[in-house]
Amino acid sequence: MSRPLQARIDLSALKHNLAVARGHAPQSRVFAVIKANGYGHGMLRTAQALAGAEGFAVLTLSEAVALREAGFTQAILLLEGFFGADELLALAEYRVATVVHSTAQLEMLEMSGLPVKLDVFLKINTGMNRLGFPIDAFPSALARLRACPAVGGVTLMTHFSSADEAPGIADQMACFNRLASAHELPASLANSAATLRYPETHGDWVRPGIMLYGSSPFAEASAQSLGLRPVMTLESQVIAVQELQMGDAVGYGGTFRADKPMRVGIVACGYADGYPRLAPTGTPVLVAGVRSRLLGRVSMDMLCVDISAISGAGVGSPVTLWGEGLPVDEVAAAAGTISYELLCALAPRVPVIEV
Ligand SMILES: *Cc1c(COP(=O)(O)O)cnc(C)c1O
């Protein structure tokens, strides 16, 4: 038998979650966001399961090319656009739409002499202050795109900083509407949180990411309450058991010390697999289907769990680190982060199986 750790990917859950997104935004087309290796789930696998989406959103040209070479014919959008003029010919060749967020990109398009027109998503900075044209630069950016022979369709785009929490999207939305109302152009605004919570943002293309993977974009609402199903289940087994006496410590630094006799299960999963090293004692773990807790520091290849109260638990007992039965959102919260980071960090050494 090989090391028992694996990531189980539920393809039907991906399809289900796409249907949930569609149910919220029935008038919109969907860019399934599959950047970062499909949020750790495998880009091509994810694209295959989400092939019912009208488009895929990725970060880089090489991801777009990989999708085309795998035979996908849907629209593809580069979320940050191209990084250099040397990418433009391939964008045209592979029929990839691009964000244009900067004057530098605009100039590259104008100078390109491309024989084919690219679809462009003109990104407006409505308050996130990360990428996008400032409000007062928008009219001239749009005019230049429209005059540029290398540009075909133009869609207006923005990204929300707080669709998942207070203060919400109202200010950014009002800003976007002020600019967009003068033009009859398609719009794309909504990430998962806005897709779920703010119908007024849906426009022509929604861009859900995290919800497709069955995780909640909201700190205060569980994925289950949103009708989402977990896609990745990270599962392993207990590979050794330690009987602790009162006062015995566990793991590096001995940061956990038993205050009574305890049984500790050693689990084949560590930070080199993508489990967060900063997860503290008390982080939830499922052992043989029973909720328990992490003890002490996570090491590179192993972590320790309390199995004192789980009768019958021992070597070979199944362990769920996150996924079915234990929302990744809860594990992430215990580790002081968000599900996105845990899912994206799944290490290449973890075998993946599809169900
Ligand atoms: C990653 C990303 C998304 C998806 O965000 P989620 O919170 O995962 O739904 C949407 N739009 C842009 C521009 C992104 O970079």
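Every heavy atom of this structure was used, including side-chain atoms; hydrogens, water molecules and symmetry mates were not. All residue numbers in this chain count up from 1 along the given sequence. One-based numbering, in listed order, for ligands and for the atoms of each.
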Novice: Record the part of Lys35 in heavy-atom contact with ligand 1 below 4.0 Å; permitted values are side chain, backbone, both and neither.
Specialist: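 Just the side chain.
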Novice: Would Arg207 and Asn191 satisfy side chain to side chain contact (heavy atoms under 4.5 Å, CB included), going step by step from the backbone distance to the final call?
Specialist: CA-CA 5 Å; Arg207 305 188 306 270; Asn191 58 3; 5.6 Å; no
Novice: Heavy atom under 4.0 Å from ligand 1: found in His159's side chain, backbone, both, or neither?
Specialist: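 The answer is the side chain.
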Novice: Flag the pair Leu79 / Met157 as yes when at least one side-chain heavy-atom distance between them is below 4.5 Å, and no otherwise.
Specialist: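 Yes, at least one pair of side-chain atoms sits under 4.5 Å.
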Novice: Would you confirm whether Asp204, through its side chain, and Ala187, through its main-chain N or O, come within 3.5 Å as a donor-acceptor pair?
Specialist: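 Checked: pair present.
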Novice: Numbering the atoms of ligand 1 from 1, which are under 4.0 Å from a heavy atom of Tyr39?
Specialist: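 Counting atoms of ligand 1 from 1, those under 4.0 Å from Tyr39 are 1 (C), 4 (C), 5 (O), 6 (P), 8 (O).
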Novice: Please verify whether a non-hydrogen atom of Phe31 lies at under 4.0 Å from ligand 1.
Specialist: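 No, Phe31 has no heavy atom closer than 4.0 Å to ligand 1.
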Novice: Could you tell me whether a side-chain N or O of Asp306 sits under 3.5 Å from a main-chain N or O of Ser308, the two making a donor and an acceptor?
Specialist: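 Yes, because the side chain of Asp306 sits within donor-acceptor range (under 3.5 Å) of the backbone of Ser308.
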Novice: Given the rule in the side-chain hydrogen bond (donor to acceptor under 3.5 Å, both in side chains) test, do Arg144 and Thr103 qualify, once you have shown the distances and angles that lead to the verdict?
Specialist: CA-CA 10 Å; Arg144 284 172 67 179; Thr103 307; 5.5 Å; no
Novice: Looking at non-hydrogen atoms alone, which of Tyr340, Phe160, Tyr213, Phe121 comes nearest to atom 7 (O) of ligand 1?
Specialist: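 Checking each option, the heavy atom nearest atom 7 (O) of ligand 1 is found in Tyr340.
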Novice: Among protein heavy atoms, which lies nearest atom 9 (O) of ligand 1, and at what distance?
Specialist: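 Result for atom 9 (O) of ligand 1: Ser192 OG, 2.5 Å.
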Novice: Check Glu165 with Arg197, please: is the shortest side-chain N to carboxylate O separation under 4.0 Å?
Specialist: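 No salt bridge links Arg197 with Glu165.
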Novice: Taking distance alone, with no angle check, do Arg130 and ligand 1 share an N/O pair under 3.5 Å?
Specialist: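 In this structure, Arg130 places no N or O atom under 3.5 Å from an N or O of ligand 1.
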Novice: What's the spacing between Arg68 CZ and Thr73 OG1 if we round to 0.5 Å?
Specialist: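 Going from CZ on Arg68 over to OG1 on Thr73, the span is 7.0 Å.
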Novice: For ligand 1, is there an N or O atom under 3.5 Å from any N or O atom of Gly209?
Specialist: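 Such a contact does occur with ligand 1.
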Novice: Any nitrogen or oxygen of Lys123 lying under 3.5 Å from a nitrogen or oxygen in ligand 1? Just yes or no.
Specialist: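 Not met; the criterion fails.
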Novice: With a cut-off of 4.0 Å, which atoms of ligand 1 are near a heavy atom of Ile210?
Specialist: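 Listed by number with element: 6 (P), 8 (O), 9 (O).
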Novice: May I ask whether Phe31 and Met128 are part of the same hydrophobic cluster, defined by side-chain heavy atoms of I, L, V, M, F, W, Y residues being less than 4.5 angstrom apart, directly or through others?
Specialist: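 Phe31 and Met128: separate clusters.
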Novice: Can you tell me the protein heavy atom closest to atom 11 (N) of ligand 1 and the distance?
Specialist: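 Going atom by atom, the protein heavy atom closest to atom 11 (N) of ligand 1 ends up being Arg207 NE, 3.0 Å.
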Novice: Counting each atom of ligand 1 from 1 as listed, which ones have a heavy atom of Leu79 under 4.0 Å away?
Specialist: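 Under 4.0 Å from Leu79, ligand 1 has these atoms: 12 (C), 13 (C), 14 (C), 15 (O).
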